[in-house]
Trainee: 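Below is a structure I'd like to ask you about.
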Protein chains: 2
Amino acid sequence: MQSAAQHTADNGVNVTALLGAREALGQAPEAARFNWKATCRWMHGTHSRSHVQGYYGLGQEQRHRTEFAFDTDHPEVFASEDNGATPVEMVLTGLAGCLTAGVASVAQMRNITLRSVTAVVEGSMDIRGILGMDTDIRNGFDDVRVRFTIDADASREDIEALVAQSQKRSAVYDILTNPTNVTVTVN
Amino acid sequence: MQSAAQHTADNGVNVTALLGAREALGQAPEAARFNWKATCRWMHGTHSRSHVQGYYGLGQEQRHRTEFAFDTDHPEVFASEDNGATPVEMVLTGLAGCLTAGVASVAQMRNITLRSVTAVVEGSMDIRGILGMDTDIRNGFDDVRVRFTIDADASREDIEALVAQSQKRSAVYDILTNPTNVTVTVN
């Protein structure tokens with residue numbers, strides 16, 4: 001219960017529910033096992049379409065409210081048809097969305113009202129890697145930069161602390177900065 | 001020039017152009033520097049929208065034929081509004097699209113006709129990591145599995161070799177399995 005005089009930020013993040021989830025998962029850690037999924041179908045050339053809807057968590061199969069579909073392709077400079085974003089741009093989008101959701105959540109926890117948040121996320125690579133021209137050049141990004149511009153009811157120092165905490169708890173930041181085991185099989 | 005009797009696969013991948021690119025980049029390696037970009041805007045709660053269009057490569061600014069927009073959000077089980085795929089599902093989509101484009105390209109190089117390619121990509125995590133409940137649990141995926149089902153004019157062995165070569169040259173597979181430096185700053 002808050003007094004009428006007390007300011008409460010509302011960034012649209014339900015912190016009470018998140019804190020409740022944390023307590024519930026402390027009692028039932030097996031419910032914290034999540035499994036996310038995308039199903040991809042090759043269309044033509046380098047173009048494919050992925051669908052995302054079902055996932056597993058809280059001990060049972062779950063479904064997003066709607067099915068999400070994403071086209072990926074290579075661009076015309078690679079002699080492709082450019083029917084979608086490149087797969088690496090999907091990864092940058094995931095990083096942007098993850099860190100931004102984190103900024104909103106942490107702001108809510110810290111009672112900071114956000115007015116606007118934008119992020120420019122860039123990843124550079126030398127495509128001689130994916131073309132197999134030089135095995136010393138990696139296929140993926142050699143460097144990724146995220147630049148936030150945030151207008152909020154907080155000092156610059158507090159805004160920087162928000163962003164730092166978002167990084168610390170971000171799934172996609174962790175996925176990019178640390179190695180993950182990936183197994184590829186053929187049915 | 002091919003004889004009428006010679007079978008040539010056509011998966012829609014322009015291999016001649018790719019081989020030409022490889023030759024051109026051998027002469028002018030600075031053209032191989034690419035920079036990919038996503039621009040993200042916070043909408044409300046954990047929902048944000050990213051746009052992808054401009055990128056840099058072949059020594060100049062480039063643009064996709066159209067702008068691609070992606071909504072990311074957290075699902076209702078996290079007390080969010082589920083206005084988009086989760087950021088981690090975007091990463092799985094990127095991995096699926098990257099490996100599938102690779103399969104099509106390598107098949108083309110090897111003169112293998114693909115009839116259908118599907119991939120189910122799954123990533124598991126313990127969400128006590130992102131909730132900050134246990135610092136020994138990572139935020140990102142603890143394991144990622146990709147299962148291909150491929151119908152092609154080739155033996156099982158050749159299909160498995162296709163998939164292995166796609167992995168070897170995949171940008172997103174590399175991004176997941178190896179660490180990348182990510183710098184986050186506030187303007």
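Labels below follow one simple rule: chain letters A, B, ... track the order of the sequence lines, proteins then strands, and each chain is numbered from 1.
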Trainee: Which heavy atom of A:Arg138 sits nearest a heavy atom of B:Ile175, and at what distance?
Mentor: NH2-CA, 3.9 Å
Trainee: Relative to chain A, which of B:Arg41, B:Gln167, B:Glu67, B:Met133 shows the most heavy atom pairs under 4.5 Å?
Mentor: B:Met133
Trainee: Does A:Ser170 reach the side chain of B:Asn139, with side-chain heavy atoms less than 4.5 Å apart?
Mentor: no
Trainee: Give, as side chain, backbone, both or neither, the part of A:Tyr56 having an atom under 4.5 angstrom from any heavy atom of chain B.
Mentor: neither
Trainee: Treat each ILVMFWY residue as a node, draw an edge where side-chain heavy atoms are under 4.5 Å apart, and state whether A:Ile159 and A:Leu114 are in one component.
Mentor: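 They do share one cluster, since a chain of ILVMFWY contacts under 4.5 Å joins A:Ile159 to A:Leu114.
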Trainee: Does any backbone or side-chain atom of A:Val163 lie under 4.5 Å from a heavy atom of chain B? Answer side chain, backbone, both or neither.
Mentor: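 Side chain only.
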Trainee: Return yes if a side-chain donor-acceptor contact under 3.5 Å exists between B:Asn35 and A:Arg145, otherwise no.
Mentor: yes
Trainee: Can you give me the closest heavy-atom contact between B:Ala96 and A:Ser50, atom names plus distance?
Mentor: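 Where B:Ala96 meets A:Ser50 most closely, the heavy atoms are CB-OG, 3.9 Å.
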Trainee: Counting only heavy atoms closer than 4.5 Å, note whether A:Asn83 contacts chain B via side chain, backbone, both or neither.
Mentor: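 Backbone plus side chain of A:Asn83, per the 4.5 Å heavy-atom cut-off to chain B.
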Trainee: Against chain B, work out which of A:Ala119, A:Gly129, A:Ala21, A:Gly132 has the most heavy-atom pairs shorter than 4.5 Å and name it.
Mentor: A:Ala119
Trainee: Check B:Ala171 against A:Met125 and note the closest heavy-atom contact, atom names and distance.
Mentor: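 The answer is CB-CE, 4.2 Å.
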Trainee: Which one wins on heavy-atom pair count under 4.5 Å against chain B: A:Pro29, A:Ala101, A:Ala38, A:Gly94?
Mentor: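 Between A:Pro29, A:Ala101, A:Ala38, A:Gly94, the count favours A:Ala38.
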Trainee: Do you know which of A:Arg147, A:Lys168, A:Gln108 has the most heavy-atom pairs under 4.5 Å to chain B?
Mentor: A:Arg147
Trainee: Let me know if A:Leu58 has heavy atoms under 4.5 Å from chain B in its side chain, its backbone, both or neither.
Mentor: side chain
Trainee: Nearest 0.5 Å, what's the CG-CE distance between A:Leu92 and B:Met90?
Mentor: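 Output value for this atom pair is 10.5 Å.
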Trainee: Going by atom types alone, do A:His64 and B:Glu76 pair a side-chain donor with an acceptor below 3.5 Å?
Mentor: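 B:Glu76 and A:His64 do not have a side-chain donor-acceptor pair below 3.5 Å.
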Trainee: Atom CG of A:Asp82 and atom CD of B:Gln62: how far apart are they, to the nearest 0.5 Å?
Mentor: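 A:Asp82 atom CG to B:Gln62 atom CD measures 10.5 Å (nearest 0.5 Å).
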Trainee: Working to the nearest 0.5 angstrom, can you tell me the gap between A:Ser80 OG and B:Asn14 CG?
Mentor: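 Rounded to the nearest 0.5 Å, the OG-CG separation comes to 8.0 Å.
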Trainee: What are the two closest non-hydrogen atoms of A:Gly45 and B:Ala104, and how far apart are they?
Mentor: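 Shortest heavy-atom separation between A:Gly45 and B:Ala104 comes out as O-CB, 3.1 Å.
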Trainee: Less than 4.5 Å apart, side chain to side chain, heavy atoms only: is that true for B:Pro179 and A:Thr177?
Mentor: no
Trainee: Say you draw a straight line from CZ of A:Arg49 to OG1 of B:Thr100; how long is it, rounded to the nearest 0.5 Å?
Mentor: 13.5 Å
Trainee: Is A:Val106 reachable from A:Val172 through a run of I, L, V, M, F, W or Y residues, each pair having side-chain heavy atoms under 4.5 Å apart?
Mentor: yes
Trainee: Is B:Ser48 in contact with chain A via its backbone, its side chain, both, or neither, using a 4.5 Å heavy-atom distance?
Mentor: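 When you check distances to chain A, only side chain atoms of B:Ser48 fall under 4.5 Å.
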Trainee: Which of parallel (below 30°), tilted (30 to 60°) and perpendicular (above 60°) describes A:Phe34 and B:Phe78?
Mentor: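 Plane angle between 30° and 60°, so tilted.
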Trainee: How long is the span from the CH2 atom in A:Trp36 to the CZ atom in B:Phe141, to the nearest 0.5 Å?
Mentor: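 Here the interatomic distance stands at 9.0 Å.
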Trainee: Counting C-beta onward and ignoring hydrogens, is there a side-chain heavy-atom pair between A:Asp71 and B:Phe68 closer than 4.5 Å?
Mentor: no
Trainee: Out of B:Arg169, B:Glu122, B:Lys37, return the one with the most heavy atom pairs under 4.5 angstrom to chain A.
Mentor: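 Option with the greatest count: B:Arg169.
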Trainee: Answer yes or no: is there a side-chain heavy-atom contact under 4.5 Å between B:Thr46 and A:Ser105?
Mentor: yes
Trainee: Assess whether a salt bridge exists between A:Asp142 and B:Arg33, defined as any Lys/Arg side-chain N lying under 4.0 Å from an Asp/Glu carboxylate O.
Mentor: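 Yes, A:Asp142 and B:Arg33 are salt-bridged.
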Trainee: With a 4.5 angstrom heavy-atom cut-off, which part of B:Val52 approaches chain A: side chain, backbone, both or neither?
Mentor: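 For B:Val52, the contact with chain A is made by the side chain alone.
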Trainee: What pair of heavy atoms forms the shortest contact from A:Ala32 to B:Arg128, and how long is it?
Mentor: CB-CG, 3.7 Å
Trainee: Against chain B, work out which of A:Ala107, A:Gly97, A:Cys40 has the most heavy-atom pairs shorter than 4.5 Å and name it.
Mentor: A:Cys40
Trainee: Are the side chains of A:Thr185 and B:Phe148 in touch, meaning some heavy atoms are under 4.5 Å apart?
Mentor: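 Of all side-chain heavy-atom pairs linking B:Phe148 with A:Thr185, none is under 4.5 Å.
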Trainee: Using every non-hydrogen atom in the two residues, find where B:Arg115 and A:Trp42 come nearest and quote the distance to one decimal.
Mentor: O-CZ3, 4.2 Å
Trainee: So how far is it from A:Thr149 OG1 to B:Asn187 CG, rounded to the nearest 0.5 Å?
Mentor: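 Rounded to the nearest 0.5 Å, the OG1-CG separation comes out at 4.0 Å.
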Trainee: Less than 4.5 Å to any heavy atom of chain A: does that hold for the side chain of B:Glu81, its backbone, both, or neither?
Mentor: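 For B:Glu81, the backbone is the part near chain A, not the side chain.
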Trainee: At a 4.5 Å cut-off on heavy atoms, which part of B:His74 comes close to chain A: side chain, backbone, both, or neither?
Mentor: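 B:His74 touches chain A through side-chain heavy atoms alone.
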Trainee: If you count heavy-atom pairs under 4.5 Å between each of B:Val91, B:Val77, B:Val120 and chain A, which one has the most?
Mentor: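 Ranked by heavy-atom pairs under 4.5 Å with chain A, first place is B:Val77.
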Trainee: Who wins among B:Ser166, B:Gly84, B:Pro75, B:Ala79 for the most heavy-atom pairs under 4.5 Å with chain A?
Mentor: B:Gly84
Trainee: Just checking B:Glu157: does its CD atom have more than 12 heavy atoms from other residues, nucleotides or ligands closer to it than 6.0 angstrom?
Mentor: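 Check fails, neighbour count at 12 or below.
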Trainee: Taking the side chain as every heavy atom from C-beta outward, state whether B:Thr183 and A:Val144 have any atom pair closer than 4.5 Å.
Mentor: no
Trainee: With respect to chain A, which residue among B:Thr93, B:Thr86, B:Val13 yields the maximal number of heavy-atom pairs within a distance under 4.5 Å?
Mentor: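 The answer is B:Thr93.
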Trainee: Return the option, out of B:Thr39, B:Asp134, B:Leu95, with the maximum number of heavy-atom pairs under 4.5 Å with chain A.
Mentor: B:Thr39
Trainee: If we only count heavy atoms from C-beta on, is the A:Leu25 to B:Leu131 side-chain gap below 4.5 Å?
Mentor: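 Heavy-atom side-chain distance check passes, below 4.5 Å.
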Trainee: Can you tell which part of B:Thr118 gets under 4.5 Å to a heavy atom of chain A, answering side chain, backbone, both or neither?
Mentor: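 Both backbone and side chain.
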Trainee: Against chain B, work out which of A:Arg65, A:Arg22, A:His44 has the most heavy-atom pairs shorter than 4.5 Å and name it.
Mentor: A:Arg65
Trainee: So which part of A:Thr72 gets closer than 4.5 Å to some heavy atom of chain B, the side chain, the backbone, both or neither?
Mentor: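 A:Thr72 touches chain B through side-chain heavy atoms alone.
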Trainee: Contact part of B:Leu99 toward chain A, heavy-atom cut-off under 4.5 Å: side chain, backbone, both or neither?
Mentor: side chain
Trainee: Side-chain heavy atoms under 4.5 angstrom apart, residues restricted to Ile, Leu, Val, Met, Phe, Trp, Tyr: same cluster for B:Phe70 and A:Val103?
Mentor: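 Different clusters.
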